[in-house]
Amino acid sequence: MKTAILGPAQRAEALARMAERELDILVVGGGVVGAGTALDAATRGLATGLVEARDWASGTSSRSSKLIHGGLRYLEMLDFALVREALKERGLLLERLAPHLVKPVPFLYPLQHKGWERWYAGSGVALYDAMSVSSGHGRGLPVHRHLSQKRALRVAPCLKRDALVGALQYYDAQMDDARYVATMVRTAAAYGAQVANRARAVGFLREGERVVGVRVEDVEGGGDYEIRAQQIVNATGVWTDDTQALIGERGQFHVRASKGIHLVVPKDRIHSTTGLILRTEKSVLFVIPWGRHWIVGTTDTGWDLDKAHPAASSADIDYLLEHVNAVLATPLTRDDVEGVYAGLRPLLAGESDATSKLSREHTVAHPVPGLVVVAGGKYTTYRVMAKDAVDEAVHGLDQRVADCVTEDVPLVGAEGYKALWNARARIAARTGLHVARIEHLLNRYGSLTEELLELVVADPSLGEPLAHADDYLRAEAVYACTHEGARHLDDVLTRRTRISIETFDRGTRSAREVAELIAPALGWDDDQVEKEIAHYRKRVEAERESQRQPDDLTADAARLGAPDIVPL
C-alpha cells in the first residue's frame, strides 16, 4: 500500500477531484467519526470524499481525556453491551489496528471503606477484565490486582495516607487523540479517499427532496466547489444541528454540548507510577500519565456558547484542583498548571426512542434521501459508529457494496512497527539520535518514522530538538506540513504536536522557530510568518484571559477576543 502524503499540493488536487465527478459517499466532518467513516467507505471500494471546515480533529476529537477504554463506570449502570463493545474495540486498537498509537496505561482506584467496597469494586473490575478477555482481543493487558494501603502508597506515594484503606489497580489504554485522527485521515487517503481540511460545507445541493451534494468553500484558497455524491454523511459532532439547518430540515434528534476541561501538570508534581481514578459527587476524575506530564480531568457541564472555541473558566479549574487535592499529600496550585484545554462532548437529546436505531450511545438516521446523520457515541467506539453510518448510506447506493473490513485494516504506521521497535537501538546508532528519541518517534509515527528520518538525512539541522519544546524534533514540525495536512502554526503547536498544553509558555516561545521552519513547506512569505505568530500569541492570551474569568459567559467573551486564523 502506498502511503498517502497530505501536503498543500495534495489538498488542492483532492478538492479539484471531488468536484470533477460524482462520489459514492461524501463525509462532512473531520473528527474521529468522520475520519473513521471515510476510511470505512474507502476500504469497501467506494469513491469517497472527506471535507473538514477547520483542521483535522480541531473540535472534540483533539480535546478528549485521550483514553481508549471500555467505560468501567458503565458497568455500574448495567450497560453491559456498551462495555463489551468498547472493550472489543480497545483490544483491536491495541493489538492490530494501531499498536504504535494506542498504549496500555495503569490506573489505581483508592478504596475508602473497608470490607464491602473492596468486594463491590473488585467484582466490577474482575467482570471488566473477564469481558475484555471474552471479546477475544483483551489478552494483551495485565489483569487487575488488589493492593493493601501500604502497597498502594508504594505505587502512588502522592496519595494522603487517610485518603485510602487499600486500592485496586487495573489497566486501560490511551492515545494522542489528534494524532490518531490525522493518521486515520492519511490511511483513508492511502486507500483512495479524497480529503481536504479547511474546506467548509456552506450549503447542500438538492434535487427535489433528495440531497445530491454539498457546496464547499475553500477557506484557504478562496472559491467554492460543488461536490456531488450519491450519499452525504453528516459526522459533525456538536455541530450536527447546525449542519442539518443548512438543508432546512428539523432533525429526528438533537445534539447538545457538554463541556469537559482538563489540566496538564508536570510529571514531578504528582509522585506516582500509575494513573489514578477517583470518584466525585457527579462522575469520576482521572489523573492520566502523559509523557513527562499528567492530565487531570474532567468536568461535565452544559455548554450553549461558542462551539469552535469552548472556554475553561476559573471555576472549572478550581473544581478540578479541589477534587484532585482531596487525595494528594502535596496539593497542586494554579502555578503547577502548564496547560488547560476544553472540549465539547456531543450528547444525544432525541425526541423519541424510535430515533435511536442502533444503541443508547450513538444514533444513525436517514432524515432525507441522500443524507445520513451519525451522532453521539464515544471515541473508543468510533469504528462501530463509522460502520453503522456507511451501512446506512449503502442502502441509498444503486450498487452492490462489500461489508465493512476495518476490523482488519491497520492504520498507516502500524505495519512493521513492532519490528522497528525491536531494532530501535540499531536505528539510533545509524541516525546518531538517542534511542529515547527513536522511541518517541516510533510511538508517534510507527513505521512512518523512516519518512521523518529521511528529512533529517536531507537536512541534519532538523534532527535537533526545538529550542523551547525539546520533546519534539525540528523535523516533526516540517513533517506536519509536508505529510500530515497542517496548514497553520496553530495546527502544528496544538494538534500535530501538543506543545500548546505541554509548556508553561503555552508554545509562545516556540512560535517563531516553528513558523520559520514550516514557512517554505507552506509557501509563506515574511508577512505571513508574522501574521501566524501574532495570531497564535493572541489566541494564547485570549485563552489565559478566559481562564481568569469567574464563569462560562465571561470566559467565552474573553476567548472570543482572539480572531480566527488569517487565511493564506
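Throughout, residue positions are numbered sequentially from 1 according to the sequence presented.
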Is [Y] paired with [X] through a side-chain N to carboxylate O contact shorter than 4.0 Å?
{"X": "Arg269", "Y": "Asp336", "result": "yes"}
{"X": "Asp176", "Y": "Arg495", "result": "no"}
{"X": "Arg559", "Y": "Glu543", "result": "yes"}
{"X": "Glu117", "Y": "Arg279", "result": "no"}

Looking at side-chain heavy atoms only, is the closest gap between [X] and [Y] below 4.5 Å?
{"X": "Arg498", "Y": "Ile501", "value": "yes"}
{"X": "Leu278", "Y": "Val327", "value": "yes"}
{"X": "Thr280", "Y": "Tyr319", "value": "yes"}
{"X": "Lys267", "Y": "Trp290", "value": "no"}

Check your understanding: Counting only heavy atoms not in Trp119, do more than 12 sit closer than 6.0 Å to its CH2 atom?
Key ->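 Open: at most 12 neighbouring heavy atoms sit under 6.0 Å from CH2 of Trp119.
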Check your understanding: Parallel, tilted or perpendicular for Tyr417 and Trp421, by the 30°/60° rule?
Key ->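 Rings of Tyr417 and Trp421: tilted, as their planes differ by 30° to 60°.
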Review point. Does the ring of Tyr341 carry Lys259 above it, NZ/CZ under 6.0 angstrom from centre and within 45° of its axis?
Key: no
Exercise for review: Kindly state whether the ring of Tyr171 and the ring of Tyr128 have centres lying under 6.0 angstrom apart.
Suggested key: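 Between Tyr171 and Tyr128, the centre distance exceeds or equals 6.0 Å.
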Exercise for review: Mind running side-chain contact (heavy atoms from CB on, under 4.5 Å) on Glu476 and His440 for me, showing each step along the way?
Suggested key: CA-CA 11 Å; Glu476 295 183 73; His440 160 89; 3.0 Å; yes
